[in-house]
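Values below: all heavy atoms of this structure, side chains included; hydrogens, waters and symmetry mates excluded.
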Amino acid sequence: MEHQLQKLGRLIHQAKIAFIALSILNVAFLLFEDCVLSEKMITVAWSGVLMISIKSLNNSMKDILILLMLLLISLNLFLLMFDIEFFIRQSFGSLIEFISLAFFFKRVIREEGKLQTLESRVYP
């Protein structure tokens, strides 16, 4: 059981590093793109959301990942309705973000399932 808890801790640490990397990539792409102020504000705000969510990962990782996936989908739907050009430019980055969030969500579900199985064996 201790081994499974360590694996979950490593998973949380990996997710934090991935969120930091995604935030840095979002801001770095602003330097290479020719975009208006509102597009820069949206990108910086999303990077801020990723950075703020790092603090909450230890408490409820599954909930934070679901919330981030829903926010990412709603942000992209908003961009699709109001600024299709910016949506097209940043859609590949959003796809990578969504895939990474779904990957971590899947791994968290699997590790928590293993922990629950071990708990039911130890504490029947």
Side-chain angles (χ1 to χ4, degrees):
M1 186 147 127
E2 185 176 323
H3 177 68
Q4 289 302 120
L5 288 173
Q6 288 176 350
K7 284 176 82 174
L8 190 60
R10 280 193 301 266
L11 181 63
I12 290 172
H13 182 71
Q14 290 171 354
K16 286 180 180 183
I17 291 172
F19 286 3
I20 290 171
L22 289 172
S23 297
I24 291 171
L25 282 175
N26 278 336
V27 174
F29 282 135
L30 283 178
L31 300 174
F32 300 114
E33 277 189 32
D34 184 33
C35 50
V36 295
L37 180 63
S38 62
E39 294 170 352
K40 289 180 182 180
M41 289 175 58
I42 289 171
T43 304
V44 170
W46 176 247
S47 295
V49 167
L50 287 175
M51 294 301 285
I52 290 171
S53 66
I54 288 173
K55 293 183 181 258
S56 304
L57 279 179
N58 290 338
N59 299 333
S60 57
M61 188 169 180
K62 241 185 342 187
D63 298 336
I64 296 297
L65 289 172
I66 290 172
L67 178 66
L68 286 174
M69 284 191 280
L70 289 175
L71 282 173
L72 185 62
I73 290 169
S74 61
L75 172 68
N76 283 307
L77 287 175
F78 172 78
L79 289 176
L80 183 63
M81 287 188 301
F82 294 108
D83 192 0
I84 194 152
E85 183 181 317
F86 181 53
F87 169 76
I88 292 170
R89 283 197 319 252
Q90 63 89 37
S91 61
F92 182 70
S94 290
L95 178 66
I96 292 172
E97 289 173 349
F98 188 80
I99 289 171
S100 63
L101 290 171
F103 171 75
F104 282 115
F105 183 72
K106 180 182 172 188
R107 286 188 60 195
V108 166
I109 294 291
R110 186 174 9 156
E111 293 301 321
E112 285 184 354
K114 289 178 184 177
L115 272 173
Q116 287 177 352
T117 303
L118 286 174
E119 281 183 82
S120 65
R121 288 181 189 165
V122 174
Y123 306 110

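- Distance CZ/Phe19 to CG/Leu68: 5.0 Å, rounded to 0.5 Å.
- If you chain together hydrophobic residues whose side chains sit under 4.5 Å apart, Phe87 and Phe32 never meet in one group.
- Separation of atoms CG (Leu8) and NZ (Lys114) is listed at 11.0 Å; rounding is to 0.5 Å.
- Linking Ile, Leu, Val, Met, Phe, Trp and Tyr residues whenever their side-chain heavy atoms come within less than 4.5 Å places Val49 and Leu70 in a single cluster.
- Other residues, nucleotides and ligands place more than 12 heavy atoms under 6.0 Å from the CD atom of Gln6.
- At least one side-chain heavy atom of His13 sits less than 4.5 Å from a side-chain heavy atom of Ile17.
- Contact of the Arg89 side chain with the Glu39 side chain is registered, since non-hydrogen atoms from C-beta on lie closer than 4.5 Å.
- Of the inter-residue distances, the one linking Ile52 atom CD1 with Ser23 atom OG reads 10.0 Å to the nearest 0.5 angstrom.
- With Ser91 contributing its side chain and Ile88 its backbone, the two residues share a donor-acceptor pair below 3.5 Å.
- Here the side chains of Ile96 and Leu25 are not in contact, with every heavy-atom distance at 4.5 Å or above.
- Side-chain atoms of Ile12 and Lys16, non-hydrogen and from C-beta on, do get closer than 4.5 Å to each other.
- Residues Leu72 and Asn76 are in side-chain contact: their nearest non-hydrogen atoms beyond the backbone lie under 4.5 Å apart.
- Side-chain contact check for Ile64 versus Ser60: some heavy-atom pair is nearer than 4.5 Å.
- The OG atom of Ser94 sits 7.5 Å away from atom CG of Asn26, with the distance rounded to the nearest 0.5 Å.
- Contact of the Ile109 side chain with the Phe105 side chain is registered, since non-hydrogen atoms from C-beta on lie closer than 4.5 Å.
- For the atom pair Met41 CE and Leu30 CG, the distance stands at 12.0 Å (nearest 0.5 Å).
- Put simply, Phe92 and Ile99 are part of two different groups of oily side chains (I, L, V, M, F, W, Y) that touch within less than 4.5 Å, one to the next.
- In this structure, CZ in Phe103 is found 7.5 Å from CD in Gln14, a value given to the nearest 0.5 Å.
- Judged purely by atom type and a 3.5 angstrom limit, Asp83 has no side-chain atom pairing as donor or acceptor with the backbone of Leu79.
- At a threshold of 4.5 Å between side-chain heavy atoms, the hydrophobic network of Ile, Leu, Val, Met, Phe, Trp and Tyr places Ile20 and Leu57 in one connected group.
- Leu75 and Val44 fall into different hydrophobic clusters, where Ile, Leu, Val, Met, Phe, Trp and Tyr are joined by side-chain heavy atoms under 4.5 Å apart, directly or via other members.
- Here the side chains of Ile42 and Phe86 are in contact, with some heavy-atom distance below 4.5 Å.
- Of all non-hydrogen atoms in Ala15 and Met61, the two that sit nearest each other are CB-CE, 3.3 Å.
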